[in-house]
Amino acid sequence: MHIDHIGIAVSDLESAINRYEALLGTPCYKRERVESEGVETAFFATGESKVELLGATNEASVIAKFIAKRGEGLHHTAFEVADIRAEMARLKAQGYTLLNEEPKMGADNKLIAFLHPKDANGVLMELCQSVLS
Ligand code: CO
C-alpha cells in the first residue's frame, strides 16, 4: 500500500530522540518496548509514513548485533499491506526467504514479518498490517 515507516538503528535512544525531534521538527509521539525482540522503539510522524528509531535493550538484541556489525543507520523499510498472510504466501511462492514463518506482533499494533535482505538487494524489508488493539 505504502511505506509505513523506515527503521533506524541507534546506539543511544535518548540522544537520538532529541536529535530527530530537532531534525524532523516534530516530537516523538510514542515509545514502546518490544521485550521479545530486546528493542525499544520511538516513533515520529512524517506525513503518511513514520520514522522508527530502534534501540537495543539488551546485548542479545537484534539491534545490538546489527550495530556491532554494521554501525548505526538504516535498519529496515516497512511496507503496509492489507493482508500480511496473503503477501507472505505470495512472496514465498516466488522463492523469497521470509525470516519468520508466521506474522508476529510488533510495535505500533502491527503484525509484522521480515524478508531476507539478500532477496531485496541488501535491504531488510518488513511487511506490516495494522490490527485493532
Ligand atoms: Co519496523
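Counting convention: from 1, in listed order, for ligands and their atoms alike. Because only heavy atoms are used, hydrogens play no part in the values below, and waters and symmetry mates are left out as well, while side chains stay in.
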Charged N-O contact under 4.0 Å between [X] and [Y]:
X: E52; Y: K30; result: no
X: E37; Y: K104; result: yes
X: R31; Y: E14; result: yes

Inside 2.8 Å of the Co ion (ligand 1) but strictly below it, how many protein N/O/S atoms are present?
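There are 4 of them.
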Parallel, tilted or perpendicular, as decided by the 30° and 60° cut-offs, for the rings of F43 and H5:
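Aromatic pair H5/F43 classed perpendicular.
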Between E80 and K110, does a salt bridge (Lys or Arg N to Asp or Glu O under 4.0 Å) hold up when you go through it step by step?
CA-CA 9 Å; E80 173 95 36; K110 287 180 190 302; 3.1 Å; yes
Report, as yes or no, whether the 6.0 Å neighbourhood of atom OH on Y20 holds more than 12 heavy atoms from other residues, nucleotides or ligands.
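Incorrect, the count does not exceed 12.
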